[in-house]
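Worth knowing before you read on, the calculation uses all heavy atoms, side chains too, and leaves out hydrogens, waters and symmetry mates.
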Amino acid sequence: MAHALRLAERGLYTTTPNPRVGCVIVKDGKVVGEGWHARAGEAHAEVHALRAAGERACGATAYVTLEPCSHHGRTPPCANALIGSGVARVVAAMRDPNPQVSGGGLTLLTLAGIQVEVGLLEAEARELNLGFIARMTRGRPWLRVKSASSLDGKTALLNGESKWITGPAARADVQTWRARACALLTGVGTVLADDPRMNVRDLGTPRQPLKVIVDSQLNTPPGAQILHGGALIVCAVADPAKRAALEAAGAEVLCIPGPNGRVGLAALIGELGRRGLNEIHVEAGATLNGALLDAGLVDEWIAYLAPLVMGDAARGVFALPPLNDMANRLPFKLLDSRQIGDDLRLTLRTA
């Protein structure tokens with residue numbers, strides 16, 4: 001199963017909107033077939049593994065990181081393929097989190113007389129597909145905020161200058177988080193201040209995430225670099241002239257008004273889930289970061305800390321209303337800490 005999980009990771013950047021899945025077929029203590037799912041619309045992990053195993057699959061054990069599917073989508077059900085191959089046993093790391101199909105594949109296998117077991121390395125399997133699980137079980141993607149700050153929690157000087165706080169190793173590491181995401185989310189303030197490209201660079205991935213800009217008043221310049229290759233701009237007020245100019249530049253404009261003339265963030269994240277996006281990677285300023293956190297939409301925080309101090313007047317990571325009681329603090333759980341070049345990377349989850 002550990003090997004199947006490593007195989008599933010090969011689809012880390014490419015499987016969206018599908019989950020990352022790996023499969024290993026073992027007979028008489030030897031691996032006779034293996035495979036992983038690479039892209040939506042292509043063969044699933046079990047099919048690749050069964051093709052590699054051929055007749056050796058008969059009487060074998062299939063280890064798969066997610067319950068084999070039981071429904072017809074772009075490809076036939078994997079449960080049927082396993083049954084047809086004659087495997088004797090299927091070990092799944094976890095059930096399919098889709099409530100419409102969960103357990104269906106396991107039931108088909110059991111009814112066909114195949115021994116079924118579930119739960120081996122389940123925590124590791126769930127970690128690999130946090131976004132898919134979130135979208136299937138709660139209707140919205142997994143939202144991950146990335147920040148690069150000084151030791152005193154500052155992301156930019158008072159005048160907006162921010163290049164560069166962290167070193168080249170940390171900046172390269174960020175590209176891996178961008179690449180695994182289905183969408184990169186930022187605010188118009190970042191677009192106006194930095195004119196970022198907001199894409200994946202220096203990695204061998206054939207897929208670029210969708211770029212999403214929260215821009216209440218449609219102030220994104222039509223010539224902004226972030227629009228190259230297309231982007232989704234979400235506004236609260238759809239000024240016709242600005243909208244036409246941005247659409248002419250290749251952007252999709254979506255109006256989702258919320259309170260106080262701002263974009264309805266919860267509705268936006270829900271819409272991204274309906275579009276089949278599993279993981280959202282946020283690189284934004286303190287205003288949008290704070291609004292997302294205050295709305296309870298942040299699941300994970302990747303915080304890069306540089307060994308330097310920028311002073312009290314510099315800009316912070318989250319702009320939040322003042323707290324008058326320590327009981328109202330917003331807690332996180334520290335999952336991992338490691339040195340990346342000269343910087344420290346913390347991985348935190350909302351408690």
So L272 and P141, do their side chains get closer than 4.5 Å, heavy atoms only?
yes

Under the side chain to side chain contact (heavy atoms under 4.5 Å, CB included) test, which residues partner R135, sequence neighbours left out?
P17, F132, N278

Enclosure of D152 CG (heavy-atom neighbours >12, cutoff 6.0 Å)
yes

Under a 3.5 Å cutoff, is there a donor and acceptor pairing between the side chains of T220 and D215?
yes

Around atom CH2 of W36, are there more than 12 heavy atoms of other residues, nucleotides or ligands at under 6.0 Å?
no

So, using salt bridge (Lys or Arg N to Asp or Glu O under 4.0 Å) as the criterion, who are the partners of E247 when residues are at least two apart?
R243

With a 4.5 Å cut-off on side-chain heavy atoms, are L297 and L265 touching?
yes

Hey, is R275 close enough to E252 for a salt bridge, meaning N to O under 4.0 Å?
yes

List the atom of T350, the atom of K333, and the distance in Å for their closest heavy-atom pair.
O-CE, 4.0 Å

Got M94 and L66 here, is their nearest side-chain heavy-atom distance under 4.5 Å?
yes

Using the test ring pair (Phe, Tyr, Trp, His ring centres under 6.0 Å), find all partners of H281 that sit at least two apart in sequence or belong to another chain.
none

Salt-bridge present (R180, E279; N to O < 4.0 Å):
yes

Does NZ or CZ of R171 fall inside the cone over W164's six-membered ring, less than 6.0 Å from its centre and within 45° of the axis?
yes

With a 6.0 Å cut-off (strictly less than), is the heavy-atom count around CG of N159, excluding the residue itself, greater than 12?
yes

Output yes when E271 and R274 qualify as a salt bridge under the 4.0 Å nitrogen-oxygen rule, no when they do not.
yes

Contacts of R349 that satisfy salt bridge (Lys or Arg N to Asp or Glu O under 4.0 Å) - sequence neighbours left out
E127, E300

Scanning both residues in full, the closest heavy-atom pair of A40 with T16 reads CB-O, 4.2 Å

Under the 3.5 angstrom rule, does the side chain of S102 hit a backbone N or O of P97 as a donor-acceptor pair?
no

Check for a donor-acceptor pair, side chain of D96 on one end and backbone N or O of N98 on the other, with a separation under 3.5 Å.
yes

Without swapping roles, check the side chain of R178 against the backbone of N199 for a donor-acceptor pair under 3.5 Å.
yes

Taking the side chain as everything from C-beta on, heavy atoms only, tell me whether L293 gets closer than 4.5 Å to L330.
yes

Any ion pair linking D173 and R345 (charged N to carboxylate O, less than 4.0 Å)?
yes

Taking everything shown except D336 itself, do over 12 heavy atoms lie less than 6.0 Å from its CG?
yes

Which residues share a side chain to side chain contact (heavy atoms under 4.5 Å, CB included) with D325, sequence neighbours left out:
A327, N328

Taking atom CZ of R89 as the centre, does the number of heavy atoms from other residues, nucleotides or ligands within less than 6.0 Å exceed 12?
yes

Would you say the side-chain atoms of E34 and H3 include a donor-acceptor pair closer than 3.5 Å?
yes

May I have all residue pairs that pass ring-ring contact (aromatic ring centres under 6.0 Å, His included) and include part of residues 305-327, sequence neighbours excluded?
W301-F318

Do T205 side-chain atoms and R207 backbone N/O form a donor-acceptor pair below 3.5 Å?
yes

